[in-house]
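Residue numbers run from 1 in the order of the sequence given.
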Amino acid sequence: MFRKVLAASIIGFMLTSTLVATSASAAAISNGAACPKSKINKTTKVNGSVYKCTKNPTVKKAKLTWVSRDCLKANTSYAKMNTSYLALVKELPATLAALDVKITAELVKVEEAKAKAVALDLQIKTWTDKLTQFTAAREALIADTANATKNRSSISTYTSAITSLKSAIRSATASSVLYGKVGKTVEAMKTTRENTVVQLGQAKEGVAQALSLRGLVCDKGL
């Protein structure tokens, strides 16, 4: 009986020792915990988290320590976002300057287009008035059946003139509409300029958030 109790005690002690050792080993591996050179670039899994023996990218003059995979991923994400943001900052002045040049040039076109649209509208009104007159005159000749043979040539002339006027009015109207759309191009450019500035601000916020997240997941002891 004593032997059975002694054997059970020994087994219990061994299990307890193993659990304590495992727990201590797990506790020793966390962000910032030192790791030997023999483990460099090796990974280990502790309580579902993966750690790598490497230099912590968030620490200056870092030594070999265990670094969580989440920390390494967060650092990579931050680095990419920051690189993109810095590229935007560098390109922004030239981008905005180019847009300003285009906007200024387009504004000149807008004024020219407005003048042309006004001139076309006046021409369209003149042609429309003539169309009304020619149509009325042709209808009067057509109604004069007693002189149908005599009026045939004049009716034909009016018909050709009316056809030409209608065609000219359609063409001028289409051109006037196009001139009116020139201003919309300017608005689109201005919107693009505003969005460019907004995107830079959003990128800056994204970098700040990525940096904050990196700080959290790379915190020593996690």
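The line from CZ of F134 to OG1 of T163 is 12.0 Å long, rounded to the nearest 0.5 Å. The distance from the CD1 atom of I162 to the OG1 atom of T132 is 9.5 Å, given to the nearest 0.5 Å. We find the OG1-CG distance between T173 and L178 to be 11.0 Å, quoted to the nearest 0.5 Å. With rounding to the nearest 0.5 Å, the separation of OG in S164 from CG in L131 is 11.0 Å. C35 contributes atom SG, which lies 12.0 Å from atom NZ of K42 (distance to the nearest 0.5 angstrom). Note that CE of M81 and CD of E205 are 10.5 Å apart. Values are rounded to the nearest 0.5 Å.
Sequence neighbours left out, the pairs with a member in residues 115-222 that pass disulfide bond (SG atoms under 2.5 Å apart) are C71-C218. For residues 117-128, the pairs satisfying side chain to side chain donor-acceptor pair (under 3.5 Å) are D121-S176, K125-D129, with sequence neighbours left out.
Proximity of Y51 to V46: side-chain heavy atoms (C-beta onward) are separated by under 4.5 Å at one or more points. Two residues are said to be in side-chain contact when any heavy atoms from C-beta on lie closer than 4.5 Å; L222 and D219 meet this criterion. Put simply, the side chain of P57 reaches to within 4.5 Å of the side chain of L72, judged on heavy atoms. Contact check for T54 versus I40: no side-chain heavy atoms found under the 4.5 Å cut-off. A 4.5 Å side-chain heavy-atom check between D144 and N147 finds at least one atom pair inside the cut-off.
A donor-acceptor contact shorter than 3.5 Å links the side chain of T191 to the backbone of E187. Looking only at distances, no side-chain donor or acceptor of S171 sits under 3.5 Å from a matching main-chain atom of S167. The main-chain N or O of S156 is found under 3.5 Å from a side-chain atom of S160 such that the two form a donor-acceptor pair.
When every heavy atom of N41 is checked against every heavy atom of K52, the shortest pair comes out as OD1-CE, 3.7 Å. Closest approach of C53 and K39 over heavy atoms only: CB-O, 3.0 Å. In terms of heavy atoms, S154 sits closest to L141 at CB-CD1, 3.6 Å. Heavy atoms only, all atoms of each residue included: R214 and A74 are closest at CA-CB, 3.9 Å. Considering every non-hydrogen atom in both A28 and W66, the closest pair reads O-CD1, 4.4 Å.
Linking ILVMFWY side-chain heavy atoms closer than 4.5 Å, directly or via other members, places V118 and L120 in two distinct hydrophobic clusters. Taken together through direct or relayed side-chain contacts under 4.5 Å among Ile, Leu, Val, Met, Phe, Trp and Tyr, L86 and L211 form part of one hydrophobic cluster. Y158 and I142 end up in the same hydrophobic cluster when Ile, Leu, Val, Met, Phe, Trp and Tyr side chains are linked at under 4.5 Å. V59 and I29 are members of different hydrophobic clusters when ILVMFWY side chains are connected at heavy-atom separations under 4.5 Å.
Qualifying side-chain contact (heavy atoms from CB on, under 4.5 Å) partners for T65, counting only residues two or more places apart in sequence or in other chains: N56, V67. Residues that satisfy the side-chain contact (heavy atoms from CB on, under 4.5 Å) test with V89, not counting sequence neighbours, are Y85, L200.
Grouped with V217 in one hydrophobic cluster are L213, the linkage being side-chain heavy-atom contacts under 4.5 Å among Ile, Leu, Val, Met, Phe, Trp and Tyr residues.
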Distance-only donor-acceptor pairs under 3.5 Å for side chains of residues 95-114, two or more places apart:
residue : atom : partner : partner atom : Å
T95     : OG1  : E91     : O            : 2.9
D100    : OD1  : R193    : NE           : 2.7
D100    : OD2  : R193    : NH2          : 3.3
T104    : OG1  : D100    : O            : 2.9

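Side-chain contact annotation: R138 with T159, donor-acceptor N/O pair under 3.5 Å present.
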